[in-house]
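Here is the structure we will look at, set down as structure tokens.
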Amino acid sequence: MDDIWDLVVVGGGPAGSAAALRARQLRPDARVLLLDKADFPRDKACGDGIAAHGHDELALLGLPDLIADHRPTRRLSIVSPGGAQVSATVARPNHVVPRAVFDARLVEAARERGVEVRRHRVRALAVRHGHVVLDGTVTARAVVGADGANSVVRRLIGMPASPGRHTAIAVRGYADVPLDDDVQRIVMQGEGWPAYAWSFPVGDGSANVGFGMLLPRLRATGLPGRRVLHDRLAELLPHLPARDLRAHHLPLSPGRPGAGAGRVMLAGDAAGLINPLTGEGIYYALLSGRLAGEAAVEAPDDPLPRYRGELGRALGRHLRTTDALALAARSPRFIDAAIGVAARRREVFDLLVEVGLGAGTVPPSLLFAVARRWLGEAVRGA
Ligand SMILES: Cc1cc2nc3c(=O)[nH]c(=O)nc-3n(C[C@H](O)[C@H](O)[C@H](O)COP(=O)(O)OP(=O)(O)OC[C@H]3O[C@@H](n4cnc5c(N)ncnc54)[C@H](O)[C@@H]3O)c2cc1C
């Protein structure tokens with residue numbers, strides 16, 4: 001059996017790497033082990049969009065230049081289910097970095113900071129003498145479960161998986177685009193709403209393209225899932241034939257994250273931290289991973305309450321906001337109204353971006369403006 005590790009992190013995606021990096025950043029002598037079932041670089045089905053807030057997280061982790069060699073993307077264009085359009089420059093640029101590159105850089109940075117990285121698929125978890133024992137061989141004072149949407153750690157601590165109504169599924173691929181294409185495009189679809197396609201140019205003549213929808217809506221079609229996803233993507237972005245198509249589930253935030261149990265903290269997708277309005281999860285993965293790593297070394301006797309508290313302070317109001325908005329957004333007309341208002345009012349566009357990609361909340365005055373337009377259109381429609 002190994003010695004006792006201060007922290008064992010399961011999963012080397014953004015959440016897991018952030019946890020490991022933060023623990024060593026705060027306590028350079030901490031014994032930190034990062035386990036992943038894959039060798040890096042590895043691909044991950046994702047839109048590869050890294051929001052400005054995610055970039056801030058990299059700086060907090062001491063890696064401000066990790067993606068500095070990738071071109072920032074400044075323009076965002078959205079078409080709503082009913083055809084309302086907005087196209088504008090975002091207040092702070094986003095980045096598009098293929099996950100095979102981004103995640104490998106994070107893991108390498110963790111290794112350079114003294115984290116031990118091992119290829120290992122976790123299958124079992126037990127609690128012995130106040131420690132967590134993984135697969136009977138790895139003993140830890142604290143564990144961060146950052147093993148993604150189908151988290152084994154989450155299941156092993158007895159927490160149910162994300163329910164179907166809070167789960168989306170999306171396919172992504174890559175397509176050729178002009179080198180100078182720097183607009184992130186989102187095209188929403190009324191059929192089977194909420195559903196949308198995206199095109200996120202990487203900056204190297206390719207773009208990450210994809211299509212996602214709620215799992216119950218996909219099942220309701222009665223058709224093979226792969227066919228629906230591939231066909232809708234081709235329908236919405238006919239000029240961008242995609243290669244390397246790959247799909248994955250997205251556990252959408254139900255408003256309250258499942259923070260963990262005992263000495264095990266969950267971060268990122270394992271905690272169900274994906275924005276239900278946009279499918280954005282990298283920022284929340286980096287943030288929650290950082291907070292979990294912090295709790296593991298700063299409150300080693302009982303890290304979970306500290307983690308839960310910090311996560312609530314950082315994201316609590318935001319997650320409740322996105323949960324409420326996701327409910328309202330079940331009506332495509334609500335989104336039509338919101339995009340319509342955003343096209344006319346700059347501050348509303350900025351706020352939509354904050355709520356969709358960051359930690360923003362919505363002031364009542366704005367909700368009122370959108371509701372008024374929504375009602376107005378409903379009355380006109382009637
Ligand atoms: C098609 C699609 C498009 C998306 N687009 C975007 C986007 O553009 N922007 C955005 O911000 N978010 C996007 N997301 C969401 C984003 O991909 C996730 O929120 C993000 O990857 C979560 O990071 P994570 O570290 O929690 O998990 P992951 O990135 O999934 O990492 C989990 C890691 O755990 C490892 N692992 C799993 N099980 C075990 C085990 N038993 N033992 C050891 N290791 C294990 C895996 O190998 C993996 O490396 C998208 C998701 C999908 C599916």
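Starting from 1, each residue takes its place in the sequence as its number. Indexing begins at 1, ligand by ligand and atom by atom, following the structure's order. Just so it is clear, the structure is predicted and the values come from calculations on it, not from any experiment.
Within the 4.0 Å heavy-atom cutoff, H120 counts among the residues contacting ligand 1. Remark: distances from the non-hydrogen atoms of R42 to ligand 1 include one below 4.0 Å. Residue-ligand proximity: G210 is placed with every non-hydrogen atom at 4.0 Å or more from ligand 1.
Within the 4.0 Å heavy-atom criterion, both parts of P14, backbone and side chain, lie near ligand 1. Of the heavy atoms in V153, none comes closer than 4.0 Å to ligand 1. Of the heavy atoms in F200, only side-chain atoms (C-beta onward) come closer than 4.0 Å to ligand 1. By the criterion of a heavy-atom distance under 4.0 Å, the side chain of K44, and not its backbone, is placed next to ligand 1. The residue A247 has no part lying near ligand 1, judged by heavy-atom distances below 4.0 Å. Only the side chain of V10 comes within 4.0 Å of ligand 1, judged by heavy-atom distances.
Between the side chains of T167 and S162, a donor-acceptor pair is found at a separation under 3.5 Å. Defined by atom type and a distance below 3.5 Å, a donor-acceptor pair is missing between the side-chain atoms of T137 and D135. Between the side chains of S80 and D336, at least one donor N or O sits under 3.5 Å from an acceptor N or O.
A salt bridge is defined here as a Lys NZ or Arg NE, NH1 or NH2 lying under 4.0 Å from an Asp or Glu carboxylate O, and R246 with D244 fails to meet this definition. Contact check on E108 versus R111 returns a salt bridge, with a Lys/Arg side-chain nitrogen under 4.0 Å from an Asp/Glu carboxylate oxygen. In summary, R306 and D302 do not engage in a salt bridge, as defined by a charged side-chain N under 4.0 Å from a carboxylate O. For the pair R99 and D48, the salt-bridge criterion is not met [side-chain N within less than 4.0 Å of a carboxylate O]. Between R105 and D65, none of the side-chain N atoms (NZ, or NE/NH1/NH2) sits under 4.0 Å from a carboxylate O, so this pair counts as no salt bridge. Between R172 and D43 there is a salt bridge, since a side-chain N of the basic residue sits under 4.0 Å from a carboxylate O of the acidic one.
Per-residue contacts place E280 under 4.0 angstrom from the following atoms of ligand 1 (heavy atoms of the residue considered): 10 (C), 11 (O), 12 (N). Taking every heavy atom of G13 and a limit of under 4.0 angstrom, the matching atoms of ligand 1 come to 25 (O), 29 (O), 31 (O), 33 (C). Annotation for ligand 1: atoms under 4.0 Å from non-hydrogen atoms of G148 are 27 (O), 30 (O), 32 (C). Within the listing of ligand 1, atoms 18 (C), 19 (O), 20 (C), 22 (C), 26 (O) sit less than 4.0 angstrom from a heavy atom of D269. Every atom of ligand 1 with a heavy atom of G11 under 4.0 Å away is listed here by number and element: 33 (C), 34 (O), 35 (C).
Nearest non-hydrogen protein atom to atom 14 (N) of ligand 1 is G279 O, 3.3 Å. Looking only at heavy atoms of the protein, atom 25 (O) of ligand 1 is closest to A15 N, 3.0 Å. If you check which protein heavy atom lies closest to atom 40 (C) of ligand 1, you get V122 N, 3.7 Å. Nearest non-hydrogen protein atom to atom 1 (C) of ligand 1 is A170 CB, 3.4 Å. Scanning the protein for heavy atoms near atom 20 (C) of ligand 1, the closest one is R99 NH1, 3.7 Å. Looking only at protein heavy atoms, the nearest one to atom 44 (N) of ligand 1 is K37 N, 3.1 Å. Counting only heavy atoms of the protein, atom 49 (O) of ligand 1 lies nearest to D36 OD2, 2.6 Å. Of all protein heavy atoms, the one closest to atom 32 (C) of ligand 1 is A146 O, 3.5 Å.
Residue H248 forms a side-chain contact (heavy atoms from CB on, under 4.5 Å) with just one option from D269, I169, N150, V171, and that option is N150. Each of L34, D39, L35 was evaluated against V117; a single residue qualifies, L34, per the side-chain contact (heavy atoms from CB on, under 4.5 Å) test.
Nearest residue to atom 39 (C) of ligand 1 from L250, V152, D147 is D147 (criterion: closest heavy atom).
Listed for the D147 side chain is no donor-acceptor partner under 3.5 Å among the backbone atoms of G16. In this structure a side-chain-to-backbone donor-acceptor pair under 3.5 Å is missing from Y174 to L245.
Of all heavy-atom pairs between G12 and D36, the closest is N-OD2, 2.6 Å.
For ligand 1, none of its N or O atoms has an N or O atom of G268 under 3.5 Å away. Considering backbone and side-chain N/O atoms, G47 comes within less than 3.5 Å of an N/O atom of ligand 1.
Taking hydrophobic clusters as Ile, Leu, Val, Met, Phe, Trp and Tyr residues chained together by side-chain heavy-atom distances below 4.5 Å, V362 shares a cluster with I335.
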